[in-house]
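Below is one structure, written out as structure tokens; comments come after it.
Bear in mind that the values here come from a model prediction, so they are computed numbers and not experimental data.
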Amino acid sequence: VQLQASGGGVVQAGGSRRLSCAASGRVLGGGAVGWFRRAPGKEREFVAAITWSGGRTYYADSVNGRFTITRDNAKNTVYLQMYSLKPEDTAVYYCAARHSTVAVTTSQYDYWGQGTLVTVSS
């Protein structure tokens, strides 16, 4: 599975941004796709995840209610719609995939995209 993350950029606080994660290669089937992020000087952390088949979603407390993860099976793409962005959301965002159900730790994902930088200015 190859993953291509895109959509990063600079956005003002309170604004919104949509990230995309396009998957190719081996079909994920009953697997899941997650978004993680790494802020400057911090560890990579879980943001949100979605099951590929059923569309069940999971969110970190820090983004719950502000971010929405969705998937388009026909396009093999997962989206992360981010609203009400805050300066503390500034990070490199990574998408990741696994062939099992949703997980929230980095070590449980087998495939990673290259990351896309989101900068939220105050």
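In Gln114, the CD atom is crowded: over 12 heavy atoms of neighbouring residues, nucleotides or ligands sit closer than 6.0 Å.
In this structure, Ala39 and Thr90 approach most closely via the heavy-atom pair CB-O, 3.6 Å. Contact detail for Ile69 and Tyr59: the closest heavy-atom pair is N-OH, 2.9 Å. In this structure, Asp89 and Ser84 approach most closely via the heavy-atom pair OD2-O, 4.4 Å. Shown here for Val104 and Gln108, the closest heavy-atom pair between the two residues is N-OE1, 3.7 Å. Of all heavy-atom pairs between Pro87 and Ala13, the closest is CD-CB, 4.1 Å. Here the closest heavy-atom approach between residue Thr77 and residue Ser20 is recorded as CG2-CB, 4.3 Å.
Note: the hydrophobic cluster containing Leu3 does not contain Phe36 (ILVMFWY, side chain heavy atoms under 4.5 Å, direct or indirect links). No chain of hydrophobic side-chain contacts below 4.5 Å, direct or via other Ile, Leu, Val, Met, Phe, Trp or Tyr residues, connects Trp35 to Val102. The hydrophobic cluster containing Val78 also contains Val63, counting ILVMFWY residues as joined when their side-chain heavy atoms lie under 4.5 angstrom apart, directly or transitively. Cluster annotation: Val120 and Met82 are assigned to the same hydrophobic cluster (Ile/Leu/Val/Met/Phe/Trp/Tyr, side-chain heavy-atom contacts under 4.5 Å, transitive). Note on Tyr94 and Val33: separate hydrophobic clusters, where clusters join Ile, Leu, Val, Met, Phe, Trp and Tyr whose side-chain heavy atoms are under 4.5 Å apart, directly or indirectly.
The backbone N or O of Trp52 lies less than 3.5 Å from a partner atom in the side chain of Asn73, making a donor-acceptor pair. Side-chain atoms of Arg66 come within 3.5 Å of backbone atoms of Ser62 as a donor-acceptor pair (strictly under, hydrogens ignored). Of the possible donor and acceptor atoms, none in the side chain of Arg56 sits under 3.5 Å from a partner among the backbone N and O of Thr51. Under the 3.5 Å distance criterion, the side-chain polar atoms of Tyr93 are left unmatched by any main-chain donor or acceptor of Ser6. For the pair Arg17 (side chain) and Gly8 (backbone), a donor-acceptor distance under 3.5 Å is present. Side-chain N or O atoms of Tyr109 include one that pairs as donor or acceptor with a backbone N or O of Ala103 at under 3.5 Å.
Side-chain contact between Ser16 and Gln81 is present, with at least one heavy-atom pair separated by less than 4.5 Å. Using a 4.5 Å cut-off on side-chain heavy atoms (C-beta onward), Phe67 and Leu80 make contact. Leu19 is listed as a side-chain neighbour of Val118, based on a closest heavy-atom distance under 4.5 Å. With contacts defined as side-chain heavy-atom distances shorter than 4.5 Å, the pair Tyr83/Leu85 does not qualify.
Stacking of Arg44 on the aromatic ring of Trp112 is recorded, both the 6.0 Å distance cut-off and the 45° axial limit being met.
Salt-bridge annotation for Arg37 and Glu45: present, with a side-chain N of the basic residue lying under 4.0 Å from a carboxylate O of the acidic one.
In summary, the side chains of Tyr111 and His99 do present a donor paired with an acceptor at a separation below 3.5 Å, with no hydrogens or angles considered.
Taken from CZ in Arg18 to OG1 in Thr70, the straight-line distance is 7.0 Å, to the nearest 0.5 Å.
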